[in-house]
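Remarks on the structure that follows.
Note that the structure is predicted; figures quoted are calculated from it, not measured.
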Amino acid sequence: YTGEGKRDIDLRGKDIVIRSRLMSWIDCESQPGDSHVGFLVISGESEAARIEGFTIENAGLGSATHDAGIVISNISSPTIVNCTVQNSYIGISCSATSNARVANCMFHSNHWGIIWGAHSRGTIINTLIVNNASHGMIFGHIGQPEVINCTIADNGGYGLDFEESHPVFRNCIFWGNRSGSISGWLGEPDVTWCLVQGGYSGEGNKDVDPLFVGNSSSWDAYYLGHT
């Protein structure tokens, strides 16, 4: 889907479900001087607001931190499920005391994968953040979700870059990120039972190659190999 009415889709405070039956594709068609996003959840929507089953691309041009495939802000708490954002400036952004739940998604081949900030929390579960040009995840200014069963791999910067944040990571993989796995200041991630290339302090953490099956922007490229 392209064109007006099929991008910059604003939920306008309504707790509605927007679900694709066949993994509908939204091309935001951003051009210089004409930037667009996929969805806007910026009016205090609750967890009952749900976006499910979309592939979004060409969102944003890097002119603002909210140039994302999915933009969440202003005390909003939507549920985002089975979505992919690719070839965009930011995969998903969450800010201004929001509390989103993201599950079974993929953010790949963007400039940044995920940006979480400004006192926002929430959860990110069973999600791939891979092959983004810069950092996979940026958590800043007390942006600190709980991240569970996620793979953050093969990004051009750090897997996680944090500032003034204390995010929680459980059962995650940080591997193949060009600048390193985790970097930041004024905060300390709580990382346990994770595979972290280069190592990281925390119960159950290991620096062991996950032996990914492949190395491309698809789910099946990040299955774990046999040991």
Starting from the C-alpha separation in whole Å, work towards a yes-or-no answer on side chain to side chain contact (heavy atoms under 4.5 Å, CB included) for Phe169 and Ile148. CA-CA 6 Å; Phe169 288 84; Ile148 303 168; over 6 Å; no
Can a donor-acceptor pair be found between the side chains of [X] and [Y] at a distance below 3.5 Å?
X      : Y      : value
His141 : Glu164 : yes
Ser46  : Ser77  : no
Tyr222 : Asp154 : yes
His36  : Asp34  : yes
Glu45  : Ser76  : yes
Asn58  : Ser30  : no
Trp25  : Glu57  : yes

List for me each residue that meets side chain to side chain contact (heavy atoms under 4.5 Å, CB included) alongside Asn177, sequence neighbours excluded, and say none if there are none. Ile152, Asn155, Phe174
Tell me if a side-chain donor or acceptor on Gln197 pairs with a main-chain N or O of Trp175 at a distance below 3.5 Å. no
Is it true that a side-chain atom of Asp27 and a backbone atom of Glu29 form a donor plus acceptor pair closer than 3.5 Å? yes
Would you please indicate if the ring centroids of Phe39 and Phe54 are separated by under 6.0 Å?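 So the answer is yes for these two rings.
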Can we call the ring centroids of Phe162 and Phe139 under 6.0 Å apart?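 Not close enough - the centres of the two rings lie 6.0 Å or further apart.
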Are any of the side-chain heavy atoms of [X] and [Y] separated by less than 4.5 Å?
X      : Y      : result
Ile124 : Met137 : yes
Asp10  : Val41  : no
Ile115 : Cys94  : no
Ile114 : Ile138 : no
Ile42  : Val71  : yes
His108 : Thr84  : yes
Pro145 : Arg121 : no
Pro189 : Val168 : no

For the [atom1] atom of [X] and the [atom2] atom of [Y], what is their distance to the nearest 0.5 Å?
X      : Y      : atom1 : atom2 : value
Arg12  : Leu40  : CZ    : CG    : 9.0 Å
Leu160 : Cys150 : CG    : SG    : 12.0 Å
Asn74  : Ile72  : CG    : CD1   : 11.5 Å
Arg19  : Ser24  : CZ    : OG    : 12.5 Å
Ile92  : Cys105 : CD1   : SG    : 6.5 Å
Ile80  : Asn104 : CD1   : CG    : 12.5 Å

Any chance you could pull the hydrophobic cluster mates of Trp193, using side-chain heavy atoms under 4.5 angstrom and chaining through other members?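 Via sub-4.5 Å side-chain contacts, Trp193 links to none.
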Chi angles and distances behind the side chain to side chain contact (heavy atoms under 4.5 Å, CB included) call for Val37, Ile70: CA-CA 7 Å; Val37 303; Ile70 301 171; over 6 Å; no
Show the nearest heavy-atom pair for residues [X] and [Y], with the distance to one decimal.
X      : Y      : value
Gly13  : Ser43  : N-CB, 3.4 Å
Asn110 : Trp112 : CB-O, 3.3 Å
Ser120 : Ser98  : OG-N, 3.0 Å
Ser165 : Ile142 : OG-N, 3.5 Å
Asn205 : Tyr200 : ND2-O, 3.1 Å
Ser20  : Gly53  : CB-O, 3.1 Å

With a cut-off of 6.0 Å (strictly less than), are more than 12 heavy atoms of other residues, nucleotides or ligands near CD1 of Ile18? yes
Stepwise side chain to side chain contact (heavy atoms under 4.5 Å, CB included) check, Leu224 with Ile173: CA-CA 10 Å; Leu224 301 186; Ile173 297 173; 3.7 Å; yes
Salt bridge check: are Arg170 and Asp190 linked by an N-O gap of less than 4.0 Å? yes
Pair Arg101 + Glu47: basic N to acidic O under 4.0 Å: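 The answer is no: the pair does not qualify as a salt bridge.
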Side chain to side chain contact (heavy atoms under 4.5 Å, CB included) between Arg50 and Val81, intermediate numbers included: CA-CA 8 Å; Arg50 185 180 180 97; Val81 181; 3.6 Å; yes
Is there a path of hydrophobic side-chain contacts, each under 4.5 Å between heavy atoms of I/L/V/M/F/W/Y residues, joining [Y] to [X]?
X      : Y      : result
Trp116 : Tyr158 : no
Ile26  : Leu11  : yes
Ile16  : Ile56  : yes

Please enumerate all residues that pass ring pair (Phe, Tyr, Trp, His ring centres under 6.0 Å) together with His111, with sequence neighbours excluded. Tyr89
